[in-house]
Q: 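Could you have a look at this structure, given as structure tokens, before my questions?
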There are 2 protein chains.
Amino acid sequence: MVPETNVFDLNQLRRSCSSCALGELCLPAGIGHDDLDRLDTTVRDKRMLDRGGVLYRDGDPFAALYVVRSGSLKTFVQDEAGDVQVLGFHLPGEIIGFDALALNRHVSQAEALERSSICELPYARLQQVISEVPALHRQLMRVISREVIEEHRHLVMMGRQQAQEQLAIFLKSLADRYQRLQRDGIALSLPMSRYDIANYLGLVVETVSRLFSRLEEMGVLEVNRKAVRILRPDLLADLCRNNTAATKRHDTG
Amino acid sequence: MVPETNVFDLNQLRRSCSSCALGELCLPAGIGHDDLDRLDTTVRDKRMLDRGGVLYRDGDPFAALYVVRSGSLKTFVQDEAGDVQVLGFHLPGEIIGFDALALNRHVSQAEALERSSICELPYARLQQVISEVPALHRQLMRVISREVIEEHRHLVMMGRQQAQEQLAIFLKSLADRYQRLQRDGIALSLPMSRYDIANYLGLVVETVSRLFSRLEEMGVLEVNRKAVRILRPDLLADLCRNNTAATKRHDTG
DNA sequence: CGGTTAATTGATCGGCATCAAATATGGTGG
DNA sequence: CCACCATATTTGATGCCGATCAATTAACCG
């Protein structure tokens with residue numbers, strides 16, 4: 001059975017950017033039909049990762065950027081003491097690996113949260129195609145910029161919000177991203193553990209667990225382990241803006 | 001007297017990348033002598049900002065990237081409720097404005113902390129030069145990547161560290177950056193307010209003030225308003241790694 | 001089905017926010 | 001140059017949110 005699924009997956013993977021289901025949700029956004037074929041020649045390798053599989057780890061030499069094709073990954077940094085900070089969760093169409101551009105080696109780790117397939121964009125080849133396709137350069141810059149903005153959101157969430165607001169924002173953001181992928185934005189199946197969520201938000205797992213329970217009591221969610229159903233999207237949205245603690249911490253001189 | 005300083009400053013500003021004191025600490029790092037002249041043609045405008053002067057604000061159309069030439073700036077986001085999150089402090093040689101690439105408009109604000117001069121790199125012209133000088137493309141990507149990594153550091157600091165460790169890391173980082181600029185890394189003159197520091201770290205101003213006092217009591221610092229002298233760099237470095245709270249919060253599943 | 005890990009729930013504690021007030025500073029006008 | 005005012009900074013007292021410690025229950029995997 002294992003060989004069979006592998007064969008099936010490999011067939012899936014052989015499809016090019018032109019025929020990929022992600023389409024405009026990925027790097028090809030804004031790229032013309034002709035240039036798309038050239039982008040295809042950039043995608044050399046396509047990899048499958050099982051749950052827990054590592055795409056790159058801290059210290060790995062920089063070889064490529066990676067596009068999540070299906071499944072999901074988390075990225076995180078880990079200091080010498082083993083202390084971890086989750087940086088983000090990455091869904092199909094998202095590009096990761098930019099951290100390695102500065103020093104030509106990765107300074108973070110990327111790990112699959114579930115069985116996932118990855119498009120690999122060897123950087124040398126990508127650079128060459130970029131020099132031929134100016135639109136691709138602009139698009140790539142847009143993608144990096146989006147990553148910068150996303151990290152700003154993460155910072156605001158950790159620095160300014162209460163724990164409950166943080167979780168609400170996290171869930172709403174995840175729901176929105178799934179919906180943009182034409183998937184269910186109401187009945188979520190969280191690919192990451194409570195530990196991952198807690199770490200991402202700068203909280204402990206007990207707090208996150210309690211918050212899920214509280215949101216369920218409030219009638220906002222229906223929680224069943226990984227399965228989370230958003231019963232009241234309106235309330236969830238309210239909670240995201242519920243700046244009850246909008247005081248001193250928010251001023252700046 | 002005001003006109004005189006302006007004339008003086010303008011003369012200073014007329015100097016090109018080739019003769020700029022920042023040299024390899026800025027974008028020219030790794031750019032050959034010949035290509036440097038071409039980079040010079042990119043730097044169209046050079047601007048002076050007084051303390052509190054705004055370089056760009058949220059919503060401004062994207063026109064250029066900016067290099068801090070002298071002085072310092074802070075960048076921050078501000079939500080509809082007026083709630084602020086300081087994203088970073090930017091010293092000479094650092095490039096800001098990447099946030100605008102995604103949507104062709106800025107989604108943050110940049111403000112001078114003291115009288116500062118700025119090199120403006122109109123993006124249209126920069127793109128053209130980039131297409132002619134591949135080394136510049138790589139260098140620009142490295143710079144963006146450094147910004148991504150810096151934000152990772154910020155996230156780790158806010159998410160994992162105690163308040164005292166956060167301030168220690170902040171001070172050490174600032175000292176290191178000044179030293180790299182050939183400036184005093186011991187006797188610092190903090191250009192930003194306590195409010196800015198507190199906001200950057202996700203704390204309130206009272207906490208930051210108390211921490212400065214505590215570090216002074218411990219003999220690590222000598223604090224006099226903006227003037228901070230690092231008496232014991234060794235102790236400060238210790239405090240940065242003093243993961244006394246390295247427990248649950250750091251695990252991940 | 002047993003062993004391991006994930007998740008939940010409860011009780012308690014502590015660090016940082018909040019509230020309050022004093023002091024210092026810097027800019028402005030007289 | 002000095003008095004004055006607005007603002008920045010410091011210091012103190014108190015309270016609360018989320019961390020910690022502890023234990024139970026549920027899921028997963030062989």
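What you see below is based on every heavy atom in this structure, not just the backbone, and it leaves out hydrogens, waters and symmetry mates. Remember, it's a predicted structure, so these values are computed and weren't measured experimentally. Chain identifiers are assigned alphabetically (A, B, ...) following the order of the sequence lines, protein sequences preceding nucleic acid strands; residue numbering begins at 1 within each chain.
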Q: Within the structure, does a side-chain N or O atom of A:Ser209 lie under 4.0 Å from either OP1 or OP2 of C:dT8?
A: yes
Q: Provide, to the nearest angstrom, the distance between the CG atom belonging to A:Asn224 and the P atom belonging to D:dT25.
A: 18 Å
Q: Let's test your reading of the model: under 3.5 Å, does the base of D:dC16 pair with the side chain of A:Gln162 as donor and acceptor?
A: no
Q: Just do the side chain to side chain contact (heavy atoms under 4.5 Å, CB included) check on B:Glu151 and A:Val148 with the steps written out, would you?
A: CA-CA 8 Å; B:Glu151 285 175 359; A:Val148 169; 3.6 Å; yes
Q: Do the side chains of B:Arg180 and B:Asp176 get close enough for a salt bridge, i.e. N-O under 4.0 angstrom?
A: no
Q: Could you check how far CD of A:Glu165 sits from C1' of D:dG18, rounded to whole Å?
A: 14 Å
Q: Between atom CG in B:Leu211 and atom C1' in D:dT9, what is the gap in whole Å?
A: 14 Å
Q: If each of A:Arg194 and B:Ala163 is mapped to the nucleotide of DNA chain C with the nearest heavy atom, which maps nearer the 5' terminus, i.e. the 5' end?
A: A:Arg194
Q: So which nucleotide from D:dT9, D:dT10, C:dC16 ends up closest to the side chain of B:Thr207?
A: C:dC16
Q: Write down the distance between CZ (B:Phe212) and P (D:dT11), rounded to a whole number of angstrom.
A: 12 Å
Q: Taking only side-chain N and O atoms of B:Lys226, does any of them lie within less than 4.0 angstrom of OP1 or OP2 on D:dA8?
A: no
Q: Grab the CG-C1' distance between B:Leu190 and C:dT25 for me, whole Å please.
A: 16 Å
Q: Assess whether one donor atom and one acceptor atom, taken from the side chain of B:Arg210 and the base of C:dG15, lie less than 3.5 Å apart.
A: no
Q: Should the side chain of A:Glu206 and the base of D:dC21 be counted as holding a donor-acceptor pair, with the cut-off at 3.5 Å?
A: yes
Q: Measure CD/A:Gln161 against P/C:dA17 and give the value in whole Å, please.
A: 14 Å
Q: Output the rounded distance in Å from CG (A:Leu215) to C1' (C:dA7).
A: 16 Å
Q: Between the side chain of A:Ser145 and the main-chain N/O of B:Asp99, is any donor-acceptor distance below 3.5 Å?
A: yes
Q: Do NZ/NE/NH1/NH2 and the carboxylate oxygens of A:Arg146 and A:Glu94 come within less than 4.0 Å?
A: no
Q: Mark yes or no for a side-chain to base donor-acceptor pair under 3.5 Å between B:Arg225 and C:dG26, with no hydrogen or angle criteria applied.
A: no
Q: Ignoring hydrogens and angles, answer whether the base of C:dT8 and the side-chain atoms of A:Arg214 contain a donor-acceptor pair closer than 3.5 Å.
A: no
Q: Between C:dA7 atom P and A:Glu216 atom CD, what is the distance in whole Å?
A: 15 Å
Q: For the pair A:Glu150 and A:Arg153, find out whether any cationic side-chain nitrogen is under 4.0 Å from an anionic carboxylate oxygen.
A: yes
Q: Of the options C:dC16, C:dT8, C:dA7, whose atoms approach the side-chain atoms of A:Tyr195 most closely?
A: C:dA7
